[in-house]
Amino acid sequence: MRKLLFLLLLASAAAFAQKFDGLAPTPPMGWNSWNTFAGNINEQLIKGVADAMIANGMQKAGYTYIVIDDCWESKTRDSAGNIVPDPAKFPGGLKALGDYLHAKGFKFGIHNCAGTETCAGFPGGRGHEYQDARSYASWGVDYLKYDWCNHGTANAEETYKTMRDALHAAGRPVVFSLCEWGNNKPWLWAENIGHLWRTTGDIRDCYDCQGVYDMGWKVILDKQVGLEKYAGPDHWNDPDMLEVGNRGLSRGEAEAHFSLWCILAAPLMAGNDVRNMTPEVRGILTNGEVIAIDQDPLGKEGFRFIENPGKEIWAKELSHGEWAVCLLNAGDNKMEMHVNWSYLSFLKGTYAVRDIWNRKDIGTTKEDFIRVIPPHSVVLFRLTPAP
Ligand code: GLA
């Protein structure tokens, strides 16, 4: 009897303190305001983005979450301590905006911070976690990105657990996106706290530039090596949002960035102005064959198999014995890459080879692959076991 009571107590404690399971069986996809708009956000922009994503095929391609990043808040909480949106930017309030997004078939995401203030200086959640989680639930929020600025001496794991518990107590299922920049190795402790966690500082729209807090996608890519074993359904490494379609990337760099984020099973949060995209950019972001690699139900993150000076081979295991393989010319000059498939020791037997970006079946792994690849660009393959 005592044992039963103990088990019951244990079960109820577990039921209380947990994340909402099953919300991210594959990496979340959507759009986030930060990379392009930073603080220049408002109701019209968000509605316009939603409308555009329906018209341009992004919603159909799987981009579901529309996330308002930093700067949506009023500078101060109201007299009851509630976090409130800036009435000039969001005159209709966030409940109405959430309703708009839901009516259009999207899910509604929002950003705030585990510290006392967000990185842009708006009220943070520290000490208000339960109250804020109730506000988010009342607005219909489905996704919370929770930042790490101004955290003082707080312990990351405990702080994020508090918000996880607050979200759970508020009762509305919310994808919890930890944005702690990898400072405290969240891949070691966040699996039961959130559905995704940032692994690095911020991305910038360049190939390999390096700032104090931000960096190009290639710098971020290198930092993912070895983290693949920590990711899986409902708990993803997040190498930050996409810069596809932003000024600093060439077409080849944008394709490569997108391909490798899919190899990484990264959350695919577009960060460009999707209302004004070139056909090229739209073609990259909505390429269903590339997205299918990211969203493969096996849920395995890919890994770097070979790194020779300037040449890299990345691979991702897919369901049904298939593989995605990505050749990256990481150098600054065009380069001939030669692949003898038998060196890829993870392959078993013969596969049919599809060149995804060229939408062409190009033979089998019995023949070597040789091609000149432009700088900072990729060739992306899907390998299917040959009968
Ligand atoms: C941090 C995050 C970014 C963005 C900004 C907003 O830098 O890492 O993704 O949310 O804050 O201020």
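Whatever order the structure lists ligands and atoms in, that order sets their numbers, starting from 1. Side-chain atoms are counted along with the backbone in the values below, which use heavy atoms only and exclude waters and symmetry mates. These numbers were taken from a predicted model, which means no experiment stands behind them.
Scanning all protein heavy atoms for the shortest distance to atom 9 (O) of ligand 1 gives Lys145 NZ, 2.8 Å. The nearest protein atom to atom 10 (O) of ligand 1, hydrogens excluded, is given as Asp69 OD1, 2.7 Å; this is a heavy-atom distance. Nearest protein heavy-atom contact of atom 7 (O) of ligand 1 is Asp202 OD2, 2.7 Å.
Which parts of ligand 1 touch Cys119 is read off a 4.0 Å heavy-atom cut-off, strictly below it: atoms 1 (C), 11 (O), 12 (O). Below 4.0 Å from some heavy atom of Arg198 lie the following atoms of ligand 1, by number and element: 8 (O), 9 (O). Of all atoms in ligand 1, numbered sequentially from 1 with element shown, those under 4.0 Å from a heavy atom of His111 are 10 (O). Listed by number with element, the atoms of ligand 1 under 4.0 angstrom from any heavy atom of Cys179 are 2 (C), 8 (O).
The six-membered or imidazole ring of Trp217 lies near that of Tyr207, with a centre-to-centre distance under 6.0 Å.
For Thr118 against Cys113, the heavy-atom pair with the smallest separation is CA-CB, 3.7 Å. Between Arg247 and Asp205, the closest heavy-atom pair is N-OD2, 3.4 Å. The minimum heavy-atom distance between Lys316 and Ala265, with the atom names listed, is CE-CB, 3.8 Å.
Of the N or O atoms in Trp34, none lie within a sub-3.5 Å distance of an N or O in ligand 1.
Contact of the Cys179 side chain with the Tyr146 side chain is not registered, since no non-hydrogen atoms from C-beta on lie closer than 4.5 Å. Taking 4.5 Å as the limit, every side-chain heavy atom of His111 sits out of range of all side-chain heavy atoms of Asn32.
Look at Tyr213 and you'll find every heavy atom at least 4.0 Å from all atoms of ligand 1.
Nearest to atom 11 (O) of ligand 1 by heavy-atom distance, out of Ile203, Asn35, Asp147, Asp240, is Asp147. Taking all heavy atoms of Asp238, Asn32, Asp70 into account, the minimum distance to atom 12 (O) of ligand 1 is reached by Asp70.
Residue Phe381 forms a ring-ring contact (aromatic ring centres under 6.0 Å, His included) with just one option from Trp323, Trp314, Trp341, and that option is Trp341.
Ion pairing between a basic and an acidic side chain is recognised when a charged N comes within 4.0 Å of a carboxylate O; Lys300 and Asp296 show no such pairing.
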